[in-house]
Amino acid sequence: MDNNYNNNQNDYQNNGQVNADPYAQPAFDPYSNSMDQTPKSNGMAIASLVLGIISIVICCTTWPGGILGILSVIFGAVSIKKNGKNGLAVAGLVCGIIGTLLGFGYMIVILVKGEALMSWAEKAAENANKAAIFFKK
């Protein structure tokens, strides 16, 4: 049988020297890691970005937006410290800061304006009662 495999075996048997066959395929090592060089995914950076975007979207629901923003900032900072500056981690950190500020800012506005809204609602209810009494007559 005259194929490359048998020729290479015969070459190894001749004093350990290999004749270079120009038509032979390169040897493949099934145990080497050089073939699957997939980029490492950074889960903390992705989590930071996702939480940051969600915190911006739901910032008007007061505390959930602020909490998700804080988590986004934490995950982004840990990812940057662990893996260096990564675009996803920095974007998650920025989105988390924005979401935190918007969420807690909205909560402060609601607390401050809450008194004004309560007095307005009480006056509206009082006027509605007066109108109901007027129309009952």
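Since we're looking at a predicted model, the values are computed, not measured.
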- Message: Please check: side-chain N/O of Ser72 versus main-chain N/O of Ser48, any donor-acceptor pairing under 3.5 Å?
- Response: yes
- Message: Quick check for you: to the nearest 0.5 Å, what is the distance between Leu102 atom CG and Ile58 atom CD1?
- Response: 12.0 Å
- Roughly how far, to the nearest 0.5 Å, is CG of Leu51 from CD1 of Ile56? 11.5 Å
- Item | With Ser79 via side chain to side chain donor-acceptor pair (under 3.5 Å) - residues at least two apart | Asn42
- Common cluster, Leu101/Val90, ILVMFWY with side-chain heavy-atom separation under 4.5 Å: yes
- Value for OH (Tyr106) from SG (Cys60), rounded to nearest 0.5 Å, stands at 5.5 Å
- Would you please name every residue forming a salt bridge (Lys or Arg N to Asp or Glu O under 4.0 Å) with Glu122, sequence neighbours left out? none
- Message: Is there a continuous path of hydrophobic side-chain contacts, each under 4.5 Å between heavy atoms, that joins Met44 to Val73?
- Response: no
- Message: For Ser55, give me all partners under side chain to side chain contact (heavy atoms under 4.5 Å, CB included), at least two apart in sequence or on another chain.
- Response: Leu68
- Output all residues satisfying side chain to side chain contact (heavy atoms under 4.5 Å, CB included) with Val50, sequence neighbours left out; order by chain, then residue number. Ile46, Ile54
- Is Leu71 reachable from Val57 through a run of hydrophobic residues whose side-chain heavy atoms are each under 4.5 Å from the next? yes
- Query: Measuring from Leu49:CG to Asn86:CG, what's the distance to the nearest 0.5 Å?
  - Reply: 10.0 Å
- Query: Is there a path from Leu88 to Ile53 through hydrophobic residues (I, L, V, M, F, W, Y) whose side chains come within less than 4.5 Å of each other?
  - Reply: yes
- Item | Contacts of Ile70 that satisfy side chain to side chain contact (heavy atoms under 4.5 Å, CB included) - sequence neighbours left out | Ile74, Thr100, Phe104
